[in-house]
Protein chains: 2
Amino acid sequence: MPTDDDIFRALADPSRRRLLDRLHVTDGQSLGDLCEGLAMTRQAVAKHLAMLEAANLVVAVRQGREKRHFINRVPINEIAERWIGKFDQPRLSALSALKQHLEGEDND
Amino acid sequence: MPTDDDIFRALADPSRRRLLDRLHVTDGQSLGDLCEGLAMTRQAVAKHLAMLEAANLVVAVRQGREKRHFINRVPINEIAERWIGKFDQPRLSALSALKQHLEGEDND
DNA sequence: ATGACAGGCAACCCATTAGTTGCCTTTAAG
DNA sequence: CTTAAAGGCAACTAATGGGTTGCCTGTCAT
């Protein structure tokens with residue numbers, strides 16, 4: 001079972017987010033597919049995918065000599081619920097609230 | 001203006017998430033406050049806070065010789081909307097969908 | 001069976017980063 | 001004015017991480 005940390009750290013890298021994007025566009029791609037057009041070796045991509053798998057953001061299935069990769073939305077949802085939910089308890093656009101708070105410090 | 005990457009990478013570290021948690025419980029804490037009970041030097045905490053500030057996840061205000069830190073929910077919201085929203089277009093609990101997809105590969 | 005294709009494994013390199021120590025600046029209090 | 005408290009700055013260290021190269025394994029086609 002991946003921890004919160006696995007997920008956050010997997011999402012921290014732009015290359016990995018890009019891979020997730022590509023899978024979002026076309027799900028079930030092989031390693032070779034995912035390498036196309038990237039300025040990276042196959043091995044680098046494989047490592048990234050391994051981390052995404054470890055974080056359970058991607059589920060991979062070996063199919064013959066290929067390996068299909070599928071995006072898994074569940075961990076992102078959990079993060080969203082545990083984190084965004086928590087920080088949004090007061091109200092969703094806390095922007096103005098914070099600004100008012102800070103500006104209020106002055107003329108108090 | 002912080003980039004997506006700033007935010008993701010700021011969130012990637014457990015210590016920084018912990019700091020955000022503490023600010024979520026008690027907003028407006030000083031550096032000294034935030035150091036209490038942590039197995040880290042003040043300088044380490046200061047660095048983390050600097051990164052959170054750079055990502056705009058925390059807004060700090062100098063008040064006399066103290067520096068108050070306030071959590072800012074806006075970037076998290078943006079991430080949530082841009083990312084979770086994107087990946088949840090189909091439906092919020094894509095869990096079963098994915099499972100069915102994978103299991104479908106077998107008995108096909 | 002043999003060759004080509006898709007991927008896995010392991011060692012290594014360089015850059016980043018989390019953390020430290022040591023010292024300097026600013027502000028409040030006696 | 002002096003001193004202690006709250007931070008800031010800078011240099012350094014150790015570990016992590018993204019990426020590479022080189023080679024091995026397994027699978028499909030001929």
Side-chain angles (χ1 to χ4, degrees), chain A residues 2-23 26-55 57-70 102 105-106 108, chain B residues 2-23 26-55 57-70 102 105-106 108:
Chain A
T3 66
D4 259 37
D5 210 49
D6 294 324
I7 301 170
F8 272 112
R9 300 200 13 209
L11 288 173
D13 187 89
S15 301
R16 286 191 286 274
R17 290 198 301 276
R18 196 138 169 260
L19 286 172
L20 283 180
D21 272 339
R22 297 182 82 158
L23 284 179
T26 312
D27 209 10
Q29 289 185 74
S30 71
L31 173 58
D33 293 338
L34 289 166
C35 285
E36 273 186 20
L38 295 187
M40 252 188 300
T41 58
R42 177 178 52 83
Q43 287 83 348
V45 177
K47 274 195 186 179
H48 284 305
L49 288 173
M51 280 182 245
L52 290 171
E53 265 191 80
L57 288 160
V58 158
V59 180
V61 190
R62 201 116 202 208
Q63 232 180 19
R65 64 180 165 182
E66 294 195 342
K67 192 179 178 185
R68 311 309 273 280
H69 298 81
F70 299 92
L102 293 179
E105 303 278 285
D106 279 327
D108 191 23
Chain B
T3 66
D4 258 37
D5 210 49
D6 293 325
I7 301 170
F8 272 113
R9 300 199 17 207
L11 288 173
D13 186 272
S15 301
R16 286 192 286 272
R17 290 198 302 277
R18 194 136 173 262
L19 286 171
L20 283 181
D21 272 338
R22 298 183 81 158
L23 284 179
T26 312
D27 208 9
Q29 291 186 73
S30 71
L31 173 58
D33 294 338
L34 289 166
C35 285
E36 273 186 21
L38 294 187
M40 252 188 302
T41 59
R42 177 178 53 84
Q43 286 82 350
V45 177
K47 275 194 185 180
H48 283 306
L49 288 172
M51 280 181 244
L52 290 171
E53 265 191 81
L57 288 160
V58 158
V59 179
V61 190
R62 202 117 200 209
Q63 231 179 20
R65 64 178 165 183
E66 295 194 339
K67 191 179 181 185
R68 312 308 274 279
H69 298 83
F70 298 91
L102 294 178
E105 303 278 286
D106 280 328
D108 190 25

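Chain letters run A, B, ... following the sequence lines, proteins first, then strands; residues in each count from 1. Quick note: numbers below take in every heavy atom, side chains included, and nothing from hydrogens, waters or symmetry partners.
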Atom-pair distance ([atom1] on [X]; [atom2] on [N]), nearest Å:
X     : N      : atom1 : atom2 : value
B:L31 : C:dT27 : CG    : P     : 16 Å
A:D13 : C:dA15 : CG    : P     : 17 Å
A:H48 : C:dG7  : NE2   : C1'   : 17 Å
B:K47 : C:dG22 : NZ    : C1'   : 13 Å

Output one line per pair: protein atom, nucleotide atom from nucleotides 23-30 of chain D, and distance, for all N/O pairs under 3.5 Å.
| residue | atom | partner | partner atom | Å |
| --- | --- | --- | --- | --- |
| D:dT27 | O2 | A:R65 | NH1 | 3.4 |

Of all residues at least two apart in sequence or in a different chain, which pass the side chain to side chain donor-acceptor pair (under 3.5 Å) check with [X]?
X     : answer
A:K47 : none
B:T3  : B:D6
B:H69 : none

Original post:
B:E66 has a side chain; which of D:dG7, C:dT21, D:dG18 sits nearest to it?
Top reply: D:dG7
**OP:** Name the closest nucleotide to the A:K67 side chain, picking from C:dG19, C:dG8, D:dG7.
**Re:** C:dG8
Can you list the residues that meet the side chain to side chain contact (heavy atoms under 4.5 Å, CB included) rule with [X], with sequence neighbours excluded?
X     : value
B:Q43 : B:T41
B:A50 : none
B:D4  : B:F8, B:I79, B:R82, B:W83

**OP:** Verify the contact: side-chain N or O of A:S15 to OP1 or OP2 of D:dG18, cut-off strictly under 4.0 Å; return yes or no.
**Re:** no
**OP:** May I ask you to verify if any side-chain N or O of B:T41 is less than 4.0 angstrom from the OP1 or OP2 atom of C:dT21?
**Re:** no
Original post:
For residues 32-40 of chain B, which residues have at least one heavy atom under 4.0 Å from DNA chain D?
Top reply: B:G32
**OP:** List the atom of A:A55, the atom of A:I7, and the distance in Å for their closest heavy-atom pair.
**Re:** O-CG1, 3.7 Å
Subject >> Residue pairs involving residues 28-43 of chain A (criterion salt bridge (Lys or Arg N to Asp or Glu O under 4.0 Å); sequence neighbours excluded) >> reply: none
**OP:** Determine the sole option in A:R22, A:K67, A:R68 for which the side-chain contact (heavy atoms from CB on, under 4.5 Å) test with A:Q29 is passed.
**Re:** A:R22
